[in-house]
Chemist: 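Here's a structure for you.
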Amino acid sequence: EAKKVAELRAQRTKQVNLFESYKKSHQCEFFSPWKWQRRALEEIQKCNITVIPAPNKIGKTVLLVNIANAIALGFCPWTKSKDEKPGYIKIDGYWFAPSPFHKKPPIRIRITGEDWISHIGATIAYEFERWAIAGSYQSRKQNDGVACMYTYPNGSTIQLMTYGSAIDVYESWTGDLWIPDEPPPSEIFEATARGLSTTHGK
């Protein structure tokens with residue numbers, strides 16, 4: 001009897017470890033949006049410009065990276081279901097809500113922040129790589145080791161930039177979605193908006 005109990009406990013421990021390992025590498029499937037985050041997702045579907053004025057430490061960057069990842073993939077990983085639901089799309093045997101965007105991949109996304117080390121590297125890239133599915137993208141890094149581009153097999157890209165980049169770099173871009181993690185300087189806002197206008201971007 002004791003041997004059987006020990007075997008059952010060992011099996012249970014193995015199952016728990018497997019689940020925790022899966023959860024760690026598929027964190028975006030376990031994202032549970034708060035009420036204000038769900039509201040933001042709804043507004044993104046309706047509006048060309050969505051502004052989220054809020055204090056720090058309430059989950060803006062977590063929402064940002066999960067939105068970017070979902071739009072790049074074309075579906076919301078946290079809505080994963082074994083059963084078909086109205087409006088859901090089937091991906092690899094499971095059903096998901098489509099991304100909150102008006103276009104299908106490939107999508108060109110740009111995320112901007114204030115500096116490479118503390119903002120892009122330690123905050124945005126850190127959270128993205130913590131939430132996005134391991135192995136679902138390739139990353140290109142700068143000489144300092146901070147990611148500057150994520151590329152998906154479906155052709156979607158997420159480019160990371162700072163407000164310290166030359167304005168010419170902003171002027172020359174054409175994309176589908178821009179997500180500034182902090183308010184940008186007015187000249188960068190205007191330059192990036194022009195890069196979105198020809199693609200009906202947001």
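None of the values given here were measured: they were computed from a predicted structure.
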Chemist: Report yes if the side chains of I188 and T112 come closer than 4.5 Å at any heavy-atom pair, otherwise no.
Modeler: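 They are not in side-chain contact.
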Chemist: Is a salt bridge present between R39 and E43, judged by a nitrogen-to-oxygen distance below 4.0 Å?
Modeler: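 A salt bridge is present here (some side-chain N lies under 4.0 Å from a carboxylate O).
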Chemist: Closer than 3.5 angstrom, by distance alone: can the side chain of K103 be matched with the main-chain N or O of G201 as a donor-acceptor pair?
Modeler: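 No, the answer is negative, given that no donor and acceptor are paired below the 3.5 Å cut-off.
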Chemist: Could you check whether any side-chain N or O of R110 sits under 3.5 Å from a backbone N or O of Q159, counting only pairs where one atom can act as donor and the other as acceptor?
Modeler: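 Answer holds: no.
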Chemist: Counting C-beta onward and ignoring hydrogens, is there a side-chain heavy-atom pair between N66 and W78 closer than 4.5 Å?
Modeler: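 Yes, side chains in contact.
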Chemist: Looking at the rings of Y137 and F128, which for Trp means the six-membered one, are their centres under 6.0 Å apart?
Modeler: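 Yes: the rings meet the under 6.0 Å criterion.
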Chemist: Within the distance-only criterion (no hydrogens, no angle test), does the side chain of H119 pair as donor or acceptor with the backbone N or O of E182 below 3.5 angstrom?
Modeler: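 Judged by distance alone, no pair lies under 3.5 Å.
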Chemist: Keeping S197 on the side-chain end and R194 on the backbone end, is there a donor-acceptor pair under 3.5 Å?
Modeler: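 Yes; judged by distance alone, with no hydrogens or angles, the pair exists.
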Chemist: With a 6.0 Å cut-off (strictly less than), is the heavy-atom count around CD1 of I133, excluding the residue itself, greater than 12?
Modeler: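 Counting neighbours around CD1 of I133, more than 12 heavy atoms of other residues, nucleotides or ligands fall under 6.0 Å, so yes.
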Chemist: Has K80 got a side-chain atom pairing as donor or acceptor with Y94's backbone, closer than 3.5 angstrom?
Modeler: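 Flag not set: sc K80 to bb Y94 has no pair under 3.5 Å.
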Chemist: If Ile, Leu, Val, Met, Phe, Trp and Tyr residues are connected whenever their side-chain heavy atoms lie under 4.5 Å apart, and connections chain through other members, are I49 and I44 in the same group?
Modeler: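 No, I49 and I44 fall in different hydrophobic clusters.
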Chemist: Test side chain to side chain contact (heavy atoms under 4.5 Å, CB included) on F101 and I67 and set out the steps.
Modeler: CA-CA 9 Å; F101 204 62; I67 286 175; over 6 Å; no
Chemist: Would a hydrophobic clustering, with Ile, Leu, Val, Met, Phe, Trp and Tyr connected at side-chain separations under 4.5 Å, put W95 with I89?
Modeler: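 Different clusters: W95 never reaches I89 through Ile, Leu, Val, Met, Phe, Trp or Tyr contacts under 4.5 Å.
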Chemist: Given 3.5 Å as the limit, does a donor-acceptor pair link the side chain of T192 with the main chain of F189, or not?
Modeler: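 No, T192 side chain to F189 backbone: no donor-acceptor pair under 3.5 Å.
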Chemist: Taking Y22 as the starting point, is it possible to reach L73 by hopping between hydrophobic residues whose side chains are less than 4.5 Å apart?
Modeler: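 L73 and Y22: separate clusters.
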Chemist: How many angstroms lie between CZ in R38 and CD in E42, if you round to the nearest 0.5 Å?
Modeler: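 So the CZ of R38 and the CD of E42 are separated by 8.0 Å.
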Chemist: Using a 3.5 Å distance criterion without hydrogens, assess whether the side chain of T123 forms a donor-acceptor pair with backbone atoms of I120.
Modeler: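 Absent.
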Chemist: Determine whether more than 12 heavy atoms belonging to other residues, nucleotides or ligands lie under 6.0 Å from atom OH of Y163.
Modeler: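 Counting neighbours around OH of Y163, more than 12 heavy atoms of other residues, nucleotides or ligands fall under 6.0 Å, so yes.
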Chemist: Mind checking whether L63 and I52 have side chains closer than 4.5 Å, heavy atoms only?
Modeler: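 Touching, per the 4.5 Å side-chain cut-off.
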Chemist: Ignoring hydrogens and geometry, is there a side-chain-to-backbone donor-acceptor pair from D176 to T199 under 3.5 Å?
Modeler: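 Between the backbone of T199 and the side chain of D176 there is no qualifying donor-acceptor contact (under 3.5 Å).
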Chemist: Side chains of E187 and Y170: is there a donor and an acceptor less than 3.5 Å apart?
Modeler: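 No - no donor-acceptor pair under 3.5 Å links their side chains.
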Chemist: Hey, does the side chain of T79 reach the backbone of A97 with a donor-acceptor pair shorter than 3.5 angstrom?
Modeler: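 Yes; judged by distance alone, with no hydrogens or angles, the pair exists.
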Chemist: Show your working on side chain to side chain contact (heavy atoms under 4.5 Å, CB included) between K202 and T50 and close with a plain yes or no.
Modeler: CA-CA 8 Å; K202 295 192 177 190; T50 304; over 6 Å; no
Chemist: Hey, is K23 close enough to E20 for a salt bridge, meaning N to O under 4.0 Å?
Modeler: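 The answer is no: the pair does not qualify as a salt bridge.
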Chemist: Output, in order, the C-alpha distance, side-chain angles, deciding distance and verdict of side chain to side chain contact (heavy atoms under 4.5 Å, CB included) for W178 and L196.
Modeler: CA-CA 8 Å; W178 174 35; L196 294 167; 3.9 Å; yes
Chemist: Determine, using the 4.5 Å side-chain heavy-atom cutoff (strictly less than), whether F75 and F30 are members of one ILVMFWY cluster.
Modeler: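 In one cluster: no.
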Chemist: Between L64 and I109, is there a shared hydrophobic cluster once you connect ILVMFWY residues whose side-chain heavy atoms come closer than 4.5 Å?
Modeler: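 Yes; tracing contacts between hydrophobic side chains, which count when under 4.5 Å, links both residues.
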Chemist: Taking T13 for its side chain and R9 for its backbone only, find out whether a donor-acceptor pair lies under 3.5 Å.
Modeler: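 Here the side-chain-to-backbone pair exists.
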Chemist: For residues V169 and M161, report the shortest heavy-atom separation together with the two atoms involved.
Modeler: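 For V169 versus M161, the nearest heavy atoms are CG1-CE, 3.5 Å.
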Chemist: Quick one: NE2 on H26 to OG on S21, what's the gap to the nearest 0.5 Å?
Modeler: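 If we round to the nearest 0.5 Å, H26:NE2 and S21:OG are 9.5 Å apart.
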Chemist: For side chain to side chain contact (heavy atoms under 4.5 Å, CB included), just list the numbers for Y152 and I158, CA-CA rounded to whole Å, side-chain angles, deciding distance to a tenth of an Å, and then say yes or no.
Modeler: CA-CA 9 Å; Y152 290 73; I158 299 176; 3.7 Å; yes
